[in-house]
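Take a look at the structure below.
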Amino acid sequence: MEKRELICIGCPMGCPLTVELEGGEVISVTGHTCKRGDVYARKEVTNPTRIVTSTVKVLEGKADMVSVKTREDIPKGKIFDCVRALKDVTVKAPVHIGDVIVPDIAGTGVDMVATKQVL
Amino acid sequence: MKSYDIVIIGGGPAGLAAAVSARKEGIESILILERDKELGGILNQCIHNGFGLHTFKEELTGPEYAGRFIDQVLELGIEYKLHTMVMDIQADKVVTAMNREEGMFQIQAGAVILAMGCRERSRGALNIPGYRPAGIYSAGTAQRLVNMEGFMPGREVVILGSGDIGLIMARRMTLEGARVKVVAELMPYSGGLKRNIVQCLDDYGIPLKLSHTVVEVKGKERLEGITLAQVDEKNRPIPGTEEEYSCDTLLLSVGLIPENELSGGMGVDMNPVTSGPRVNERMETSIEGVFACGNVLHVHDLVDFVSEEAAAAGRNAARYIRNGKAESKGHVVTLNPVQGVRYTVPCTIDPEKMDDTQIVRFRVGNVYKKCTIGVYFDEELIISRKRPVVAPGEMEEIKLEKAKLLQYPDLKTITIKIEEA
């Protein structure tokens with residue numbers, strides 16, 4: 001049996017978690033104080049994921065940059081592919097919160113969306 | 001002179017939440033004064049996620065969180081002025097401000113809400129020896145350059161201080177193609193949230209060196225490198241532990257200081273521990289009708305708590321305007337932070353006037369493991385809360401019940417302390 005100690009990143013409490021694994025299968029999660037912790041622990045030891053945030057250039061807008069995020073969390077191993085795919089992306093103002101900036105970013109099936117309004 | 005019932009100094013998260021809550025309490029005449037070109041304050045440059053879990057039960061980025069409050073301010077038709085710098089506030093609540101359109105002007109406020117936020121501790125406050133080359137930034141300045149203006153400050157980065165902004169910038173600079181070589185922290189513990197160590201440093205293999213500091217800065221025009229050394233328990237560098245790092249950028253994430261020049265100028269009673277005003281349970285300062293909330297009051301880790309505190313300030317400012325006079329001075333209970341507890345917000349509570357539940361927030365001065373937070377009504381232990389670990393980087397809170405306080409008519413002091421096993 002394998003034991004892994006994690007810190008939950010679900011919220012700022014940062015609960016210390018212990019996950020017990022047997023042959024790659026999660027047997028138990030302890031230390032969490034809410035459901036989010038259990039979900040995070042199971043994902044983190046099998047398929048860790050993160051939300052990725054960045055910025056892209058805006059043309060003809062009141063600001064030079066607009067902030068963006070992956071609408072959902074994507075596999076950790078795809079983070080750099082995701083920021084690379086944003087490298088030369090520009091958008092034309094106006095941009096609204098939730099506008100899709102890059103659909104299906106880096107083949108993750110997840111859209112990159114704007115998180116700020118730029119008029 | 002123009003007059004408003006409530007003038008709010010600062011249009012960041014605290015000012016916005018205070019304005020929304022005061023309007024919802026029925027105050028029509030509200031003005032927000034903001035010195036930047038847009039509302040939202042520091043949240044506009046905090047493009048990472050992790051905001052709003054308490055307030056909106058979902059995880060938002062900084063601009064999205066600000067957007068929710070800005071939308072409410074617009075929908076409620078609350079007046080605001082941008083590009084407007086407040087120069088002075090008098091104890092009689094005359095606010096002197098200036099902007100390009102109107103020049104210098106004065107406003108008579110019925111109540112004032114201080115919501116100016118905080119600023120970063122600068123390099124000057126740290127006295128790092130060496131030259132003063134280009135390439136040394138506060139972490140927040142670098143954050144603004146990268147996220148709002150689209151510039152990269154450099155390619156090879158060392159970060160001094162493990163505050164949350166430094167940790168967030170370690171990840172951000174890495175994602176933008178820089179090499180972040182190390183994060184050095186003077187204290188034996190991190191000043192940031194644990195989750196940020198995991199998702200900003202561990203995820204990218206960036207080492208965190210505790211009990212280390214920068215002892216030399218190299219380069220005359222542009223930063224060329226720095227020397228780190230380990231420090232002893234009195235924070236003195238230990239000879240022989242020096243390590244050299246080549247880098248073109250040094251980011252400083254060494255603490256935040258509430259921005260209280262205006263508060264001090266108007267004669268508000270300050271708490272030297274937080275560098276913020278002393279407030280009672282209504283978030284009211286020592287000057288009646290002057291309220292404070294957010295990072296100008298004490299530096300927070302979580303914007304959700306800023307919004308909550310600011311909503312209380314807005315509600316109470318509205319009540320002050322509606323009543324048309326200050327609350328009579330009733331029974332005042334003093335909060336007494338001792339033994340590991342550095343301060344409390346609020347500083348005093350009036351049991352008659354408090355809400356049914358009062359959250360008292362505080363920070364501890366050191367890392368304590370397997371400890372108990374003890375709350376005493378005078379000599380009597382009332383609350384005893386076990387905590388696996390408390391640390392200076394993470395704000396703590398306790399809840400006081402009005403019903404309980406009212407059972408103690410002669411109560412003078414509520415003492416809060418850390419008790420180690």
Side-chain angles (χ1 to χ4, degrees), chain A residues 5-17 31 33-37 40 44 48-59 61-73 76-77 79-87 89-90 95-98 113-119, chain B residues 37-38 40 43-54 57 59-68 70-71 143-151 164 168 171-172 174-177 190 192-200 202-204 300-305 388-389 391 393-395:
Chain A
E5 309 279 340
L6 303 171
I7 297 283
C8 182
I9 64 167
C11 88
M13 278 178 65
C15 295
L17 310 174
T33 51
C34 79
K35 228 175 76 190
R36 220 176 267 274
Y40 170 76
E44 192 65 11
T49 60
R50 297 287 185 267
I51 297 234
V52 177
T53 63
S54 190
T55 50
V56 300
K57 278 210 164 69
V58 184
L59 303 174
K62 280 189 177 170
D64 298 326
M65 309 295 289
V66 65
S67 51
V68 297
K69 70 171 182 185
T70 53
R71 204 196 295 274
E72 289 149 34
D73 41 355
K76 224 168 118 175
I79 293 175
F80 280 98
D81 294 340
C82 177
V83 283
R84 241 173 259 132
L86 285 174
K87 190 168 179 285
V89 174
T90 55
V95 187
H96 301 280
I97 292 179
V113 297
T115 58
K116 188 170 165 50
Q117 173 175 285
V118 179
L119 299 176
Chain B
K37 64 179 181 183
E38 59 186 343
L43 287 173
N44 287 316
Q45 69 182 60
C46 299
I47 64 162
H48 52 282
N49 59 306
F51 301 90
L53 277 165
H54 285 263
K57 307 290 170 228
E59 196 166 353
L60 302 171
T61 63
E64 289 173 303
Y65 187 95
R68 299 264 172 119
I70 294 170
D71 287 348
Q143 188 179 43
R144 193 171 179 97
L145 286 172
V146 176
N147 293 347
M148 298 189 73
E149 294 173 26
F151 296 112
D164 286 311
I168 293 287
R171 172 176 66 182
R172 185 75 188 114
T174 305
L175 289 179
E176 287 298 321
S190 162
L193 297 171
K194 282 179 286 211
R195 71 187 308 225
N196 284 337
I197 309 250
V198 172
Q199 61 182 356
C200 298
D202 298 353
D203 272 6
Y204 299 93
H300 293 65
D301 314 319
L302 252 79
V303 71
D304 297 73
F305 295 157
V389 61
E394 314 212 2
M395 197 184 280

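Note on naming: letters A, B, ... go to the chains in the order of the sequence lines (proteins, then strands), and numbering restarts at 1 for each one. As a basis for the values below, the full set of heavy atoms in this structure was taken, side chains included, without hydrogen atoms, waters or symmetry mates.
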Exercise for the section: Apply ring pair (Phe, Tyr, Trp, His ring centres under 6.0 Å) to Y65(B) and list each qualifying residue two or more places apart in sequence or on a separate chain. Expected result: F56(B), F69(B)
Fill in the blank from the handout: Between the NZ atom in K116(A) and the CG atom in L43(B), the distance rounded to the nearest 0.5 Å is 10.0 Å
Practice task
Against chain B, label C15(A) side chain, backbone, both or neither, depending on which of its atoms sit under 4.5 Å from a heavy atom there.
Solution key: neither
Exercise for the section: For each of L175(B), I197(B), V389(B), N196(B), tally heavy-atom pairs with chain A at distances under 4.5 Å, and name the one with the top tally. Expected result: L175(B)
Problem - Exercise: do T55(A) and R172(B) side chains pair donor with acceptor under 3.5 Å - result: yes
Handout entry: Engaged part of R36(A) at the chain B interface, taking heavy atoms whose separation is under 4.5 Å
Key = side chain
Practice task
Give, as side chain, backbone, both or neither, the part of I97(A) having an atom under 4.5 angstrom from any heavy atom of chain B.
Solution key: side chain
Exercise for the section: Identify which part of K87(A) has an atom lying under 4.5 Å from any heavy atom of chain B, answering side chain, backbone, both or neither. Expected result: neither
Practice task
With a 4.5 Å cut-off on heavy-atom pairs, point out which of D304(B), L53(B), L193(B) contacts chain A the most.
Solution key: L53(B)
Problem - NZ-CD1 distance between K194(B) and I7(A), expressed to the nearest 0.5 angstrom - result: 5.5 Å
Problem - Side chain / backbone / both / neither for N49(B) at chain A, heavy atoms under 4.5 Å - result: both
Handout entry: Proximity breakdown for Y204(B) and chain A, heavy-atom pairs closer than 4.5 Å
Key = side chain
Handout entry: Heavy-atom side-chain proximity of E59(B) to K69(A) below 4.5 angstrom
Key = no
Problem - Side chain to side chain, D203(B) and R50(A), heavy atoms closer than 4.5 Å - result: yes
Exercise for the section: Return the option, out of S54(A), G14(A), S67(A), with the maximum number of heavy-atom pairs under 4.5 Å with chain B. Expected result: S54(A)
Handout entry: T174(B) to F80(A) - nearest heavy-atom pair and separation
Key = O-CE2, 3.8 Å
Handout entry: Qualifying residues under side-chain contact (heavy atoms from CB on, under 4.5 Å), relative to R144(B), sequence neighbours excluded
Key = D36(B), Q45(B), M148(B), E149(B)
